[in-house]
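Accompanying notes for the structure given below.
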Amino acid sequence: MRPDTPAAHTTEAERLLRTAEQYPGDREPLYLQAAAHRELAGDRPGATALYDDLLSGEPADPHLIRALKAANLWEYGHEAEARAIIEGVRRARPSDAAPWQITAETLEAHDELEAAESTLTEATGLLAVGGDLPHSTQSLLTTRHRIRRMLALPHDDWDREADRLHTGTVGLDELHDPKRLWSLGSSDPAELQAEITRLRSELGTYRTALSRPFPVAVLHWPEPELDELLAAYPELEAEYPTYRAHLTDIEASLRELSAAGTPNLGIVRATVPSYEAFAASESTPPSNADLLPQYATTLAARARATAWPPTRGTDCWCGSGRAYGECHGAE
């Protein structure tokens, strides 16, 4: 059952922390979920402690954690520290949309609309490049459009792009009209019905975003991890004859799936400890090759997948350090 009381959120946070002890490979996303539940329980110092715990190590997504920490700190009176962290995130220019989104929404929540708009404009210039934009970057454009409407700024090219990408039946200009707030207090049935129609359209857009399926994910074993896997479980050599063949198979499989029209493709990075923990949770020996696709699906469901193909100019998924177009994207 979904937690809906402070006590239930506290209990869920504790459960997630216990799970993180069992599955250290998933510690970071589990800690982030636990921190969110502590915030909902009103234990904001406890949530900050979890963010600090993650940042004391080598987290996979430090900018996201810092943005979440800043949002939490501001809510319980640590505005100066929150502002300093937000400035640090902006200076770092993260290549992922989530830290930018959280930072801008934090500023907006505290009536810093100009700073929120500036943050989103900076993020858009950095991330909204190339052809098809990932969903997270499209969300940045939509949020920027909304805040610029609140500031009564004229449309620019990015606002028009947000309009173009919007799939709802009610346009963004109408959805983001500040005058909508007046309709909510109206006693005119026609105005209220019009607002209900707009809200339904907006809700439909959010539902579409939230219901996007988990990526069809392919496992990528970094070379040291693959060597360790095959040394421990030689039965899997039929699946992975060589590391080079493994990389070639990943790219070939994803291209085949893409050509067949499969949407939302991704790559998940595998590690031996995480795989062994997953096998133990399934009461199945790690040498069982049938477990591999289940492991990939589970990692994708935990938001561990990286979208494929990489956006233009970004590094190849294989870890070579070369641009994707000059590495596996060129094959």
Side-chain angles (χ1 to χ4, degrees), residues 6 9-10 12-14 16-17 20 24 26-129 134-148 150-151 153 158 302-304 306 311 314-315:
H9 283 295
T10 298
E12 181 64 10
E14 292 171 352
L16 290 164
L17 294 175
D26 295 323
R27 180 174 180 267
E28 187 168 325
L30 290 169
Y31 263 52
L32 290 179
Q33 291 179 53
H37 281 289
R38 282 189 173 178
E39 289 185 25
L40 291 168
D43 182 13
R44 292 192 175 276
T48 296
L50 292 181
Y51 295 135
D52 286 339
D53 197 346
L54 287 173
L55 291 170
S56 67
E58 297 182 359
D61 201 343
H63 303 309
L64 173 62
I65 298 169
R66 291 190 180 97
L68 290 167
K69 178 182 175 182
N72 180 55
L73 284 169
W74 204 326
E75 289 299 323
Y76 72 108
H78 296 269
E79 178 183 339
E81 185 177 357
R83 286 182 181 277
I85 293 172
I86 285 172
E87 286 304 310
V89 170
R90 292 184 64 176
R91 285 195 301 271
R93 295 171 62 81
S95 58
D96 181 60
W100 292 102
Q101 183 85 31
I102 293 166
T103 295
E105 289 179 352
T106 300
L107 292 165
E108 179 192 5
H110 296 279
D111 297 323
E112 301 278 349
L113 295 182
E114 290 83 0
E117 193 276 336
S118 174
T119 297
L120 290 165
T121 297
E122 185 179 353
T124 299
L126 180 66
L127 302 181
V129 294
H135 180 74
S136 57
T137 304
Q138 293 182 32
S139 294
L140 285 179
L141 289 177
T142 302
T143 304
R144 180 178 180 273
H145 183 288
R146 175 170 53 76
I147 291 176
R148 286 172 62 82
M150 294 172 67
L151 290 169
L153 295 174
W158 291 123
R302 294 174 180 169
R304 303 294 289 275
T306 300
T311 55
T314 57
D315 289 348

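The model shown is predicted, which means the values in this text are computed figures rather than measured ones.
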Which value, rounded to the nearest 0.5 Å, describes the distance between Leu107 atom CG and Leu120 atom CG? 9.0 Å
Can you confirm whether Glu12 sits close enough to Leu40 that some side-chain heavy atom of one is under 4.5 Å from a side-chain heavy atom of the other? no
Identify the two heavy atoms, one from Leu54 and one from Leu32, that lie closest to each other, and give their separation to 0.1 Å. CD1-CD2, 3.8 Å
Beyond-backbone contact of Leu73 with Tyr51, side-chain heavy atoms, under 4.5 angstrom: no
Smallest separation among heavy atoms of Ala47 and Ala35, with atom names: CB-O, 3.5 Å
Nearest heavy-atom neighbours spanning Arg38 and Gly46: NH1-O, 2.8 Å
Side-chain heavy atoms of Ser139 within contact of Thr142, under 4.5 Å: no
So CZ of Arg148 and CG of Leu141: to nearest 0.5 Å the spacing works out to 11.0 Å
Return yes if a side-chain donor-acceptor contact under 3.5 Å exists between Thr121 and Glu117, otherwise no. yes
How far apart are the closest heavy atoms of Ile85 and Arg66, and which atoms are they? CG2-O, 3.3 Å
Please name all residues satisfying side chain to side chain contact (heavy atoms under 4.5 Å, CB included) with Ala123, sequence neighbours left out, ordered by chain then number. Trp100, Leu140
Between atom CD of Glu75 and atom CG of Asn72, what is the distance when rounded to the nearest 0.5 Å? 8.0 Å
So which of His37, Glu39, Glu14 actually passes side chain to side chain donor-acceptor pair (under 3.5 Å) with His9? His37
Using 4.0 Å as the upper bound for N to carboxylate O, is an ion pair formed by Arg83 and Glu79? yes
From Gln33 CD over to Leu17 CG, what is the distance, rounded to the nearest 0.5 angstrom? 10.5 Å
Enter the distance from Thr48:OG1 to Asp43:CG here, rounded to the nearest 0.5 Å. 9.0 Å
Note: Ala116 and Ala104 closest approach over all heavy atoms is CB-O, 3.5 Å
Rounded at 0.5 Å granularity, tell me how far CZ in Arg144 sits from CD in Glu122. 12.0 Å
Does a donor on one side chain and an acceptor on the other come within less than 3.5 Å for Gln101 and Thr143? yes
Check Ala98 against Leu64 and note the closest heavy-atom contact, atom names and distance. CB-CD1, 4.0 Å
